[in-house]
Amino acid sequence: MTEFSWELLTIIGTIAFAVSGAIVAMEEEYDILGVYFLGLVTAFGGGAIRNLLIGVPVSALWGQSMFFTIAILSITAVFLFPNNLLKHWNKWGNFFDAIGLSAFAIQGALYAAEMNHPISAVIFAALLTGSGGGIVRDLLARRKPLVFKEEIYAVWAILCGLFVGWGFTDSPFEMYSLFIIITLLRILSYTYKWRLPNRQLRKLEN
């Protein structure tokens with residue numbers, strides 16, 4: 001995958017995650033500082049935690065000035081023109097989010113793989129980078145993390161980690177194929193409302 005293509009996908013993912021964080025903050029009636037904070041945490045929180053756990057200097061995050069600028073501009077647009085942008089978000093938001101999930105999960109897995117970490121660390125890095133920001137967003141908004149409840153989401157990030165850990169992304173063709181497959185699986189899962197099995201415990205009556 002060329003550097004330009006990868007950068008473009010990362011930009012799309014950054015916009016999607018930043019916008020989703022800003023929307024959640026506005027739904028919870030946070031002030032402007034809360035909107036920006038939640039938007040940035042959603043876009044970069046997963047990568048920051050990943051860096052901390054796999055040994056990448058956390059300061060590496062501050063080298064992404066272009067992506068920070070893109071995230072801030074995206075959040076500003078949502079804050080200033082919420083009604084206009086939400087119409088398009090409701091239609092295309094899940095699609096852009098699927099691209100972001102796939103690109104970020106593969107990126108996180110590659111970070112760990114290039115550092116010669118075991119496959120367990122590669123999977124965890126993919127999971128954190130792809131869905132960690134959304135988990136932190138929901139916790140800060142005092143919501144149950146949607147990735148563990150409503151939809152199949154984190155599973156696709158784990159799948160990215162498995163394939164990268166197994167060495168199935170050594171060529172550009174394999175990388176593109178994995179990206180397309182994970183993006184399509186995410187789209188199918190929210191389109192057809194796929195759910196993982198769950199079991200509820202009944203509350204004991206006194």
Side-chain angles (χ1 to χ4, degrees), residues 7-54 56-105 107-108 111 124-154 156-157 183 186-187 189-190 193:
E7 194 169 88
L8 178 61
L9 295 174
T10 304
I11 289 172
I12 292 172
T14 299
I15 293 172
F17 286 3
V19 169
S20 73
I23 289 173
V24 169
M26 293 173 70
E27 288 175 346
E28 297 295 327
E29 300 181 354
Y30 285 12
D31 61 19
I32 185 170
L33 179 61
V35 171
Y36 277 94
F37 182 79
L38 210 58
L40 290 173
V41 164
T42 307
F44 301 102
I49 298 172
R50 174 207 66 211
N51 288 354
L52 184 66
L53 293 180
I54 68 173
V56 176
V58 178
S59 58
L61 186 68
W62 307 120
Q64 304 181 49
S65 57
M66 181 185 73
F67 297 113
F68 270 100
T69 301
I70 290 169
I72 289 171
L73 290 175
S74 302
I75 296 166
T76 302
V78 172
F79 189 81
L80 294 177
F81 311 105
N83 294 328
N84 293 332
L85 291 177
L86 277 177
K87 294 178 183 178
H88 300 290
W89 178 257
N90 291 333
K91 183 177 181 181
W92 295 103
N94 282 327
F95 174 71
F96 290 144
D97 184 81
I99 292 175
L101 167 66
S102 183
F104 278 25
Q107 180 193 68
Y111 267 112
F124 205 64
L127 174 63
L128 282 176
T129 315
S131 58
I135 294 171
V136 176
R137 174 201 65 204
D138 291 339
L139 291 175
L140 289 176
R142 292 181 293 182
R143 297 181 174 187
K144 293 180 180 179
L146 295 179
V147 299
F148 297 137
K149 186 174 185 290
E150 296 293 333
E151 302 174 350
I152 298 180
Y153 193 95
W156 307 133
T183 302
R186 171 59 188 147
I187 291 171
S189 67
Y190 72 70
K193 302 186 186 302

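Leu61 CG to Leu52 CG: the interatomic distance, rounded to the nearest 0.5 Å, is 11.5 Å. Note that the CZ atom of Arg186 and the CD1 atom of Ile99 stand 12.5 Å from one another [nearest 0.5 Å]. One distance of note links CD1 of Ile32 with CD1 of Ile75; it measures 10.5 Å at 0.5 Å rounding. Atom-to-atom distance recorded for Thr14:OG1 and Ile70:CD1 is 6.5 Å, nearest 0.5 angstrom. Between Ile15 atom CD1 and Leu73 atom CG the span is 9.0 Å, to the nearest 0.5 Å. Expressed to the nearest 0.5 Å, how far CG of Leu139 lies from NZ of Lys144 amounts to 12.5 Å.
When all heavy atoms of Phe67 and Glu7 are compared, the pair lying nearest together is CZ-CG, 4.0 Å. Nearest heavy-atom pair, Val78 versus Ala22, reported as atom, atom and distance to 0.1 Å: CG1-CB, 4.2 Å. The nearest pair of heavy atoms linking Asp138 to Pro145 is OD2-CA, 3.4 Å. The shortest heavy-atom contact between Gly34 and Ala25 is O-CB, 3.9 Å. Counting all heavy atoms, side chain and backbone alike, Asn51 lies closest to Pro57 at ND2-O, 4.1 Å.
For the side-chain hydrogen bond (donor to acceptor under 3.5 Å, both in side chains) condition, the pairs that include at least one residue of residues 18-27, sequence neighbours left out, are Ser20-Arg137, Glu27-Arg143. Among pairs with a residue in residues 11-31, those fulfilling ring-ring contact (aromatic ring centres under 6.0 Å, His included) read Phe17-Phe104, at least two apart in sequence or across chains.
Checking side-chain atoms of Ser102 against main-chain N and O of Ala98 turns up no donor-acceptor pair under 3.5 Å.
In this structure the side chain of Val19 never reaches within 4.5 angstrom of the side chain of Phe96, judged on heavy atoms.
For Phe124, the CZ atom counts as loosely surrounded, since its 6.0 Å shell holds 12 or fewer non-hydrogen atoms of other residues, nucleotides or ligands.
Contacts of Thr76 classified as side chain to side chain contact (heavy atoms under 4.5 Å, CB included), with partners at least two apart in sequence or in another chain: Tyr36, Ile72, Leu80. Residues passing the side-chain hydrogen bond (donor to acceptor under 3.5 Å, both in side chains) test with Thr129, sequence neighbours excluded: Arg50. Taking the side-chain hydrogen bond (donor to acceptor under 3.5 Å, both in side chains) definition, one finds that Tyr111 meets it with nothing, sequence neighbours left out.
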(message) If you apply the rule side chain to side chain contact (heavy atoms under 4.5 Å, CB included), what do you find for Met66 with Ile11, and how did you get there?
(response) CA-CA 9 Å; Met66 181 185 73; Ile11 289 172; 4.2 Å; yes

(request) Step by step, work out the side chain to side chain contact (heavy atoms under 4.5 Å, CB included) result for Tyr190 and Asp97. (result) CA-CA 11 Å; Tyr190 72 70; Asp97 184 81; over 6 Å; no

Side-chain donor/acceptor pairs under 3.5 Å, residues 39-49, sequence neighbours excluded:
| residue | atom | partner | partner atom | Å |
| --- | --- | --- | --- | --- |
| Thr42 | OG1 | Leu38 | O | 2.7 |

